[in-house]
Amino acid sequence: MKWQQLISNIRLGQEHTHAKRHDDRSEFKRDGDRLIYSAPFRRLQNKTQVFPLPGSVFVHNRLTHSLEVSSLGKSLGDDVAKRLCEIHPELKGTLFEEIGTIVQAACLAHDMGNPPFGHSGEKAIQTYFTEGKGKSLQKMVSEDFWNDVTHFEGNANAFRLLTHRFKGRREGGFVMTYSTLASVVKYPFSSSFAGSHGKFGFFKEEKAIYKKIADELGIICKEEKNGNFKYVRHPLVYLVEAADDICYEIMDIEDSHKLKLLSFEETAKLLLGFFDKETQEHIRKRIQEEEVTDENEQIVYMRACAVGKLEAECVNTFVEHEEEILNGTFSGSLIRNISEPQREAYKECEKVSLKKIYQSKLVLDVELSGYKIMDTLMNTLVEAALHPEKYHSQQLIRRFSSQYDIQSEDLETRIMAVIDYISGMTDVYALDIYQKINGISLPIV
């Protein structure tokens, strides 16, 4: 793959038009601005990241997480651009120098397809079809559609949200640039290639769109099977993934300290574990010199140091493996290929997180409640889509906004309209609909 082809400001849905611009923003900056001012992005403020939405202690939600990931993504992209322009002078003065802005925009979008209640929400949608009443639908839909819904994936749903023409929306969805869209797709293949890990990058309805983008950008196609394609990643996906990996792991540890799931000593040990003993002492000394006495603020300082170290490590790894990345032969993520001391420190963070954070009562309670809410919504609303002639179904269908094609004669389209509607909900809205469906609450005027 070639950088000059991989970085393109062609817009999906405006390939043959040249819109007149009234300001000096780059096309990639426009991508980011469109996302920030969009309703789906705004709704991320009320979607669970890991912990329950804040009470007296503020922790990350999907919105704050996405903003932090985008900030780190911008640094990663800018630093990689600077390093590679020194190695490849011919890239200077080209669109390549804007890869920081592209990665920043892709990071803003990376979680926009996630349903309410995080991974338990994803699981509830999947298991409705694999374990619940939805199993009976298999004989009524195509194989590709069945693969899509039984492996439902937030990443694929983000690409759908950005590109799909919902009712009343113009061709191309958000009308984003090709390079930004390609940078969002972490798993550049359809659900027929999902395998045991269950990950994929686009639903069957968006398959042709991704192929169009990938072919234009010169992304390597590794395999084709029965009209389905498996591509290698666009190189910038590795930077988006690295920003996400760093933020969710390190920020979850900071949140866990605030929520007293981890002690100050445990948290400090994890965050300082990315440095040798001499640097650890230097960091502690700086904290004393700057008279940072509050333990939460000390953790913030250590977290900033850890994030900075991991950012530099990922930049080095990307530059060192540039040829493999462009050839499509690079294996794993950037974070899995950083220097051994930092890699082992990251693994230790993951180990502690799994034991003390993700299996904590606080997190499990959210997952249990979220799963029940999502399962109920799937059962009730898919039933309405299956039997739209029923009185109760008609009442439920009226709740759908006009952008969802719930009235379609095609069953697959109606089922996807239900999934689109539910996955776009915030946690609070999903809970509200759940309570109304079950007669637990009534609207109060």
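The residues of the chain are indexed from 1 along the displayed sequence.
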- Query: Any chance the side chains of N147 and S192 put a donor and an acceptor closer than 3.5 Å?
  - Reply: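 The answer is no; no qualifying pair exists.
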
- Side chains of H257 and N296: is there a donor and an acceptor less than 3.5 Å apart?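 Yes, a side-chain donor-acceptor pair sits under 3.5 Å.
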
Could you check whether [X] pairs with [Y] (Lys NZ or Arg NE/NH1/NH2 to Asp/Glu carboxylate O, under 4.0 Å)?
X	Y	answer
R286	E290	yes
K356	E348	no
D78	K74	yes
R160	D420	yes
E86	R83	no
K29	E98	no
E412	K204	yes

- Have a look at I220 and tell me which of M1, K230, R233 forms a side-chain contact (heavy atoms from CB on, under 4.5 Å) with it.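 That would be M1.
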
- Message: Checking F193 against F200 for the ring-ring contact (aromatic ring centres under 6.0 Å, His included) test, could you report, in this order, the C-alpha distance in whole Å, the side-chain angles of both residues, the deciding distance, and whether it holds?
- Response: CA-CA 7 Å; F193 291 100; F200 69 104; over 10 Å; no

- Item | Residues, nucleotides or ligands: over 12 heavy atoms within 6.0 Å of K207 NZ |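 More than 12 within 6.0 Å, yes.
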
- Item | Exceeds 12 heavy-atom contacts within 6.0 angstrom, atom CD of E409 |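 No.
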
Hey, what's the ring geometry for [X] with [Y], parallel, tilted or perpendicular (30° and 60° as the breaks)?
X	Y	answer
F159	Y210	perpendicular
F318	W3	tilted
F229	Y231	tilted

- Just checking, R11 and Y178: is the charged tip under 6.0 Å from the six-membered ring centre and within 45° of the axis?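 Judged by the rule, R11 and Y178 form no cation-pi pair.
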
- Query: If we only count heavy atoms from C-beta on, is the C85 to E97 side-chain gap below 4.5 Å?
  - Reply: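 C85 vs E97: side chains touch.
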
